[in-house]
There are 4 protein chains.
Amino acid sequence: MSQQLENKGTQTLPSVKERATRRRNQRSHQAILKATAELLEEKGYGDVCIEAIASRARVGKQTIYRWWSCKAAVIMEAFATQAARDNLLPDTGSVEQDLCQILQQMFTLLTKTTTGVALCGLIAETQIDPSLVEAFREQFIKSRRQVTRTILERGIERGELRKGLNLELVIDAIYGPVWYRMLLKHAPLDDAFAEELVSFLIVGIQATDVKAGS
Amino acid sequence: MSQQLENKGTQTLPSVKERATRRRNQRSHQAILKATAELLEEKGYGDVCIEAIASRARVGKQTIYRWWSCKAAVIMEAFATQAARDNLLPDTGSVEQDLCQILQQMFTLLTKTTTGVALCGLIAETQIDPSLVEAFREQFIKSRRQVTRTILERGIERGELRKGLNLELVIDAIYGPVWYRMLLKHAPLDDAFAEELVSFLIVGIQATDVKAGS
Amino acid sequence: MSQQLENKGTQTLPSVKERATRRRNQRSHQAILKATAELLEEKGYGDVCIEAIASRARVGKQTIYRWWSCKAAVIMEAFATQAARDNLLPDTGSVEQDLCQILQQMFTLLTKTTTGVALCGLIAETQIDPSLVEAFREQFIKSRRQVTRTILERGIERGELRKGLNLELVIDAIYGPVWYRMLLKHAPLDDAFAEELVSFLIVGIQATDVKAGS
Amino acid sequence: MSQQLENKGTQTLPSVKERATRRRNQRSHQAILKATAELLEEKGYGDVCIEAIASRARVGKQTIYRWWSCKAAVIMEAFATQAARDNLLPDTGSVEQDLCQILQQMFTLLTKTTTGVALCGLIAETQIDPSLVEAFREQFIKSRRQVTRTILERGIERGELRKGLNLELVIDAIYGPVWYRMLLKHAPLDDAFAEELVSFLIVGIQATDVKAGS
DNA sequence: CTATAACCGAGACGGTACGTCCGGTCTTACG
DNA sequence: CGTAAGACCGGACGTACCGTCTCGGTTATAG
């Protein structure tokens, strides 16, 4: 389907002497992202289509295709900011509480805002068009994993966590169940789940002398 | 999209007084399922469409719609048998080994056969058409969770596992990371992963006296 | 543009065992032709487009493309019947009166009905897409030339016209000025023009003894 | 389509006090006309579009729209000079030979140069956008008719042609068949046709005593 | 042992959305 | 300020599939 991964030029850096004429209409740009978010909220992922976005944003379809390669790319940009929100490195002093906090913040984002629907739709898209999966990981998965990795490394330094942990595995063990529930909807993403999951996983990663002391 | 969950009559049980006139052409039935599987393998999920299935199976589109409600329903049936394969209750005497074995068998299915692509595609479909998600869980998720639950319960009875475990949480902790990797493709589903994941999770579920004994 | 000349199957003869399944919806067929004629009348040739025809006829665009190769082909069929109307072989006994009559009938068709606009538009189309010109001649030019040729041949047999006339040239001399005025609109196509033109041309084709006798 | 008839200022006469700000880039002007002629020759009338002209002439589209109202206007200007070429008043002493000569010169222009394709395309355009037809007549039809009218009037003065001729009708009878063949392409525009047509028409316009004398 | 009705293949149908092309306007930076 | 470049809105293009709807033809019980 699309070979271009995401968007075709975010115009963030005008670069050095970029042929001058590259001006992008900010009105249109914003209107497209806004229309996309609205449609997602109102109609659900399946009913978001380029024509509807263009029509609602009062924009030519060509203007969308000029800057994005496909529907998924537009949605990715529309939710990039949203999805990055609240991904702050917590510092409660306890790994268990840090993890619990980032998960609870994430659950709020996924269940109380349109972002959850958007991300599920995007994951769906990556299955239908495999060329999108890497861009999706970069945009929406990587940074939360990175924050989590930092929390874990800090725990190891403090002696709170066992040395020699396979951090990637631990991170998969944290986020896997989250997305599993998010996508299959067999159980809710609530605060209780965050607490239970973290307190369950923490056992496997705590330093043994801590365990001994209990 | 579809309100019908799956297929409209698999003719498995002639039932009581089947109205007699229920003659379904087995040639067509099989050809459709075969064509579906072939297309999935050859072209990928995105290029499987009803018209392509009908054309390849040399079948009228109506014949597909007569027996299934949508593309997803056809694919579900086409892979129902495949996906159920090897979901046997193992009995090695050790929960760790039991879990490892079912995961490794599952990984083979997901990575060495078309079934993996099919199931990822179906999960995608459930995001676009939410009415499908329950049927998907019933067909492809439930039975493996059940087998896993049995393994865990047996471990508790044996005293190998801690009492009072939230089994649903544990099962999410096992399968979540699997689907997370399967869908996002950031790391492989191989035997090493199965072993590492299980040996990591087992710590949190083992009975404490076992731990003490170690 | 189009390689297909006109329409893709008028279904006039079901032929011998024509694969059976070729049924064409007469409701749609007629609705398309009707919508085309209406649009031509209401909006003029330049505003007739496939989308407008489809929309007005409450028909899918595909249904149009299934049976015709392009807009021009639809319009040709829509006006084929109209354009053939009144192309009867007159028989007044005099070549001059015969010619005058067919011209006056033609002028009525061209100036009092939508057919004139349609034919001018089609001639335009043949200039833009040269592959259409032959079909246009077959449909709209040939038969009137044939009738005219018959009138002239009859005149020769009767001794009314000179032998050895280049009939094709004479026919060009009759219809050329008609289309010239029709397309360039510098002078009207009225009964007076028909009479003047014919009485002017007749001199060049009359038998010399007739001339001498006058 | 266009309400402006032709071009918006050909800068032929600098006039009195040209407002100073009238500097038109001659490089662009010529490049546009050249590109137009090339495209017409290479791709045919149907593929000439403003974007293609602009791109080939390395000119902004705006520069085209600033000086011309539509594609047709550009083409008209591009061929105005060409089309006027060889429209000289001949003077062989014989109307028949004069007419034959101007027709043969015209045929060369129409069949050996791109001008023929251009003029046919322009006639097509006048059918789709009726507001163009008058400009077309002024530019490409009028002057040849005028020359022809002069030839005929000279013939009348000389006593070679009958008095009281409807000259407009005669001129239609001369050029009608030419454009008829040019547009419908059912027969060639060659020297033989010019001779035959003229010698056919001359009979109807010759003075009767000339006829009697023969 | 028909006959009759559901099934079947084929594919036409009304639609929706696709991604592209071009028309004509507007905006920016350069010369 | 005219220009090259090209983004912009809009509208039509021709295509791909959707899910529904006829067609005849085939087939396998029910009468």
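Letters A, B, ... are given to chains in the order of the sequence lines, protein chains preceding strands, and every chain is numbered from 1. Every value quoted in this text rests on a predicted model; they were computed, and no experiment measured them. Keep in mind that the numbers below use all heavy atoms, side chains included, and drop hydrogens, waters and symmetry copies.
With distances taken from any side-chain atom of A:I50 to the nucleotides E:dG23, F:dC21, E:dC18, the minimum falls on E:dC18. Nearest to the side chain of C:W67, among E:dC13, F:dT22, F:dA5, sits E:dC13. For C:C49, the side-chain atoms get nearest to F:dC13 when compared with the rest of F:dT3, F:dC8, F:dC13. Residue A:R23 has its side chain nearest to F:dG6 when only E:dG23, E:dC8, F:dG6 are considered.
Position along DNA chain F of the nearest nucleotide to D:Q62 versus C:A52 favours D:Q62 as the more 5'-ward residue. Comparing C:V59 and C:E51 along DNA chain E, the residue whose closest nucleotide (by nearest heavy atom) sits nearer the 5' end is C:V59. Looking at which nucleotide of DNA chain F each of D:S55 and A:R58 is closest to, the 5′-most match is held by D:S55. Of the residues near DNA chain E, C:A57 and A:V48, the one whose nearest nucleotide (by heavy atom distance) lies more toward the 5' end is C:A57.
Summarising the geometry, the separation between CG on B:N25 and C1' on F:dT29 is reported as 16 Å, rounded to the nearest angstrom. Protein atom CD1 of B:I53 is 15 Å distant from nucleotide atom C1' of F:dA16, rounded to whole Å. Atom CD1 of B:I64 is separated from atom C1' of F:dC17 by 12 Å (rounded to the nearest Å). Rounding to whole angstrom units, CZ of residue D:R56 and C1' of F:dA5 are separated by 19 Å. Between D:D129 atom CG and E:dG24 atom P there is a gap of 9 Å when expressed in whole angstrom units. Between D:I32 atom CD1 and F:dG2 atom C1' there is a gap of 12 Å when expressed in whole angstrom units. Taking atom CD1 of B:I128 as the reference point, atom C1' of F:dC17 lies 15 Å away to the nearest angstrom.
Other residues, nucleotides and ligands contribute only 12 or fewer heavy atoms inside 6.0 Å of the CZ atom of D:R58.
Atom NZ of A:K71 sits about 5.0 Å away from atom CD of A:E125, to the nearest 0.5 Å. Atom CH2 of A:W68 and atom CG of A:L33 lie 5.0 Å apart (nearest 0.5 Å).
The phosphate of F:dA4 (OP1 or OP2) has a side-chain N or O of D:T63 nearer than 4.0 angstrom. The phosphate of F:dA4 (OP1 or OP2) has a side-chain N or O of D:R27 nearer than 4.0 angstrom. Of the side-chain N and O atoms in A:R66, one or more sit less than 4.0 angstrom from OP1 or OP2 of F:dC8. Of the side-chain N and O atoms in A:S28, none sit less than 4.0 angstrom from OP1 or OP2 of F:dA7.
For F:dG19, the base has a donor-acceptor partner in the side chain of B:K61 [N/O atoms by modelled type, under 3.5 angstrom].
Contact check on C:E42 versus C:R56 returns a salt bridge, with a Lys/Arg side-chain nitrogen under 4.0 Å from an Asp/Glu carboxylate oxygen.
Between A:T114 and A:A37, the shortest heavy-atom distance links the atoms CG2-O, 4.4 Å.
Counting any heavy atom pair closer than 4.0 Å across all strands shown, D:K71 reaches no nucleic acid atom.
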